[in-house]
Amino acid sequence: MKNDFYTVASYEYTAEARVMQGKFMSQGIEVFLKDQYTVDVDPFISNAIGGVKLQVHLQDKEAAIALYNEFREYEVDRKRNRIICPSCNEDKVLIAPPKKSFLYLLFPFIEPKRYLCNMCGEIFKPNKD
Ligand SMILES: [Zn+2]
């Protein structure tokens, strides 16, 4: 079967996905939540299957990405100021995904937090303030 869907984001919990789904729907973009029933039945399996996927029709891909980048939450520091990318000075910064190493799976707490710039892709460590 042909895959006509694009996964915009994935969420650990259905509730989070539903918030974003509502925002997309209000902009007239049809959204599908993949695996939400699996996650709802067994929340502990969410990580293993990659969470609830927020999907759109392929023809809505560009609009959906733009919308998602507008609505998603970006990282802030302790004073609630947006984290600024040291490379491009944009304030659209996310937590970098963990390296999926064997050690990380056993001891996720030893992986230091790193940021990922959503604009230029720079990965950097938090400032020690
Ligand atoms: Zn950047």
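Start at 1 and go down the list; that is how both ligands and their atoms are numbered. Please read all numbers here as calculations on a predicted model, not as lab measurements.
You'll find the side chain of Glu75 stays beyond 4.5 Å of the side chain of Arg82, heavy atoms only.
Aromatic rings of His57 and Phe32 (six-membered ring for Trp) have centroids within the 6.0 Å cut-off, being under it.
For the Zn ion (ligand 1), the count of nearby protein N, O or S atoms, meaning those under 2.8 Å away, is 4.
In this structure, Leu33 is a member of the same hydrophobic cluster as Ile65, with clusters built from ILVMFWY side-chain heavy atoms closer than 4.5 Å.
Residues Phe5 and Gln55 approach most closely at CB-OE1, 3.9 Å, considering heavy atoms.
Enclosure of atom OH in Tyr37 is not indicated, since only 12 or fewer non-hydrogen atoms of other residues, nucleotides or ligands lie within 6.0 angstrom.
The aromatic rings of Tyr68 and Tyr11 sit perpendicular, their planes meeting at an angle over 60°, well past the 30° parallel limit.
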